[in-house]
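Following: one structure in structure tokens, then a few remarks.
If you read the sequence from its start, that first residue is 1, and numbering goes on from there.
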Amino acid sequence: MRIKKAVIPAAGLGTRVLPASKAMPKEMLPIVDKPAIQYIVEEAVKSGIEDILIVTSRGKAIVEDHFDRSPELEDRLLKAGKVKQYEELKKIAELANISYVRQKETKGLGHAIMCAKSFVGDEPFAVLYGDDVIIGDKPVCGQLISAYEQYGLGTVGIKEVSKEDIQKYSSMKVSPLKNNLYKITDMIEKPKPEEIMSLYSILGRCVLPSKIFAILENTPVGAGGEIQLTDAMKELSHTEGIVGVDFEGTRYDMGNKLGIMKAAIEVGLAHPEIGEGLREYLKTLVDKL
Ligand code: UTP
């Protein structure tokens, strides 16, 4: 079955990037000239996704405005002859069929995914975390969809992280399948040092069968007092296994301050408009460090 639906959870409180995220959703923080969530929607579209559900919450209506038409602005740009900017702006509203649902209480990523149950129905679907931007030639969501099509099992994007970082993320029990693909038979969210099974962690992307909803409904509150998606996927890994894709692409965690700065610098350096200027500036700066 072709995967054409994606869910982008973007309802979190973003406490690690306060005060920036007090009134501005962290998913809307820009990397150079585009909000993080636009990179994510574009990745989904490049991966063949047609219908996207963004899970929002109070104070996040600005996300909806961003993907809507902006007739006044478009008109002004046209009249000023700024056709390129006009086209670019109009395109944002035409990227995909985007709908929204509100997570009324911030009860965790697993709970946010449950809010997508009626949107998803009984098809497999992709999940792209709203604060994880991954830049690369091949869209990561598409890499996971290919693995799903190959194995008919849920797939997750994984990368090896440091021992310090893994305790903030999740740890996977892996065995090699082929190339960059691994079978995952167990996982744990926010492991203590003695619980680490490997340094492979899920980073921001998965493709899941709809049976995950039945599992989520019976998933108790886990790490951090939240309903964890990892706990539900863990059950799936026990019963039928999950495929881990050690994906190609550079991931920027827009949920922490250093991640935001790294994204700005690296994407800025590759940007056709400001890349050269930023490079020169950084060179002068480095001499003073
Ligand atoms: P995070 O755990 O990184 O987001 O969730 P958070 O809870 O906002 O982070 P901190 O710890 O307070 O800084 C990953 C993604 O899941 C969404 C977030 O918006 C983010 O895009 N999320 C998280 C929800 O949609 N609902 C939740 O209840 C929790």
For [Y], does its backbone N or O pair with a side-chain atom of [X] as donor and acceptor, under 3.5 Å?
X      : Y      : result
Gln228 : Ala223 : yes
Asp132 : Leu128 : no
Asn180 : Asp246 : yes
Glu87  : Val83  : no
Lys104 : Ser57  : no
Glu195 : Lys192 : yes
Arg58  : Glu105 : no
Thr155 : Leu144 : yes
Ser171 : Gln167 : no
Ser21  : Met24  : no

Are there over 12 heavy-atom neighbours, none belonging to [X], within less than 6.0 Å of that residue's [atom1]?
X      : atom1 : answer
Asp122 : CG    : no
Lys190 : NZ    : yes
Lys34  : NZ    : yes
Glu64  : CD    : yes
Glu273 : CD    : no

To check you understand the geometry: which heavy-atom pair defines the closest contact between [X] and [Y], and what is its length?
X      : Y      : value
Lys60  : Thr56  : CB-CB, 4.0 Å
Arg16  : Lys257 : O-CE, 3.4 Å
Ala232 : Leu216 : CB-CD2, 3.6 Å
Leu53  : Cys115 : CD2-O, 4.4 Å
Ile145 : Ser47  : CD1-O, 3.7 Å
Lys26  : Gly255 : CD-CA, 4.0 Å

**OP:** Kindly determine whether Lys159 and Phe247 satisfy side-chain contact (heavy atoms from CB on, under 4.5 Å), including the steps that lead there.
**Re:** CA-CA 7 Å; Lys159 278 263 176 228; Phe247 59 81; 3.6 Å; yes
**OP:** Begin with the C-alpha distance, continue with both residues' side-chain angles, and end with the deciding distance and a verdict on side-chain contact (heavy atoms from CB on, under 4.5 Å) for Glu217 and Met114.
**Re:** CA-CA 8 Å; Glu217 269 157 23; Met114 267 202 280; 4.0 Å; yes
Quick one, [X] and [Y] - any side-chain contact, counting heavy atoms below 4.5 Å?
X      : Y      : result
Thr250 : Ile134 : no
Leu229 : Leu208 : yes
Gln143 : Glu248 : yes
Val133 : Ile31  : yes
Lys183 : Tyr151 : no
Ile92  : Gln38  : yes
Ile158 : Val245 : no
Tyr129 : Ile8   : no

Subject >> Partners passing salt bridge (Lys or Arg N to Asp or Glu O under 4.0 Å) against Lys46 (at least two apart in sequence or in another chain) >> reply: none
According to a 4.5 Å side-chain heavy-atom criterion applied to Ile, Leu, Val, Met, Phe, Trp and Tyr, with indirect links allowed, do [X] and [Y] form part of one hydrophobic cluster?
X      : Y      : result
Met261 : Ile274 : no
Val161 : Ile242 : no
Phe67  : Met254 : yes
Leu29  : Val267 : yes
Ile37  : Leu109 : no

Subject >> Met172 and its side-chain contact (heavy atoms from CB on, under 4.5 Å) partner, picked from Ser201, Ser198, Ser237 >> reply: Ser198
Subject >> Qualifying ring pair (Phe, Tyr, Trp, His ring centres under 6.0 Å) pairs with a residue from residues 76-128, counting only residues at least two apart or across chains >> reply: Phe125-Phe213
Subject >> All side-chain contact (heavy atoms from CB on, under 4.5 Å) counterparts of Lys4, not counting sequence neighbours >> reply: Arg2, Glu50, Glu123
Distance, nearest 0.5 Å, that separates [atom1] of [X] from [atom2] of [Y]:
X      : Y      : atom1 : atom2 : result
Ile215 : Ile212 : CD1   : CD1   : 4.5 Å
Asn97  : Ile49  : CG    : CD1   : 11.5 Å
Leu153 : Leu236 : CG    : CG    : 8.0 Å
Gln85  : Leu78  : CD    : CG    : 11.0 Å

Subject >> Full working for salt bridge (charged side-chain N to carboxylate O under 4.0 Å, His left out) between Lys234 and Asp231 >> reply: CA-CA 5 Å; Lys234 175 194 175 98; Asp231 290 341; over 6 Å; no
**OP:** Go through Glu94 and Lys90 one step at a time and tell me if the salt bridge (charged side-chain N to carboxylate O under 4.0 Å, His left out) criterion holds.
**Re:** CA-CA 7 Å; Glu94 293 164 355; Lys90 203 164 143 267; 3.5 Å; yes
**OP:** Could you please spell out the steps behind the salt bridge (charged side-chain N to carboxylate O under 4.0 Å, His left out) verdict for Glu240 and Lys211?
**Re:** CA-CA 12 Å; Glu240 55 186 39; Lys211 67 179 80 144; 2.6 Å; yes
**OP:** Could you walk me through whether Asp287 and Lys283 pass the salt bridge (charged side-chain N to carboxylate O under 4.0 Å, His left out) test, one step at a time?
**Re:** CA-CA 7 Å; Asp287 288 340; Lys283 279 184 189 162; over 6 Å; no
**OP:** Establish, from distance only, whether the side-chain atoms of Tyr169 and Glu189 form a donor-acceptor pair under 3.5 Å.
**Re:** no
**OP:** Take Thr185 and His238 through the test side-chain contact (heavy atoms from CB on, under 4.5 Å) and record every step on the way to the result.
**Re:** CA-CA 6 Å; Thr185 49; His238 289 169; 6.0 Å; no
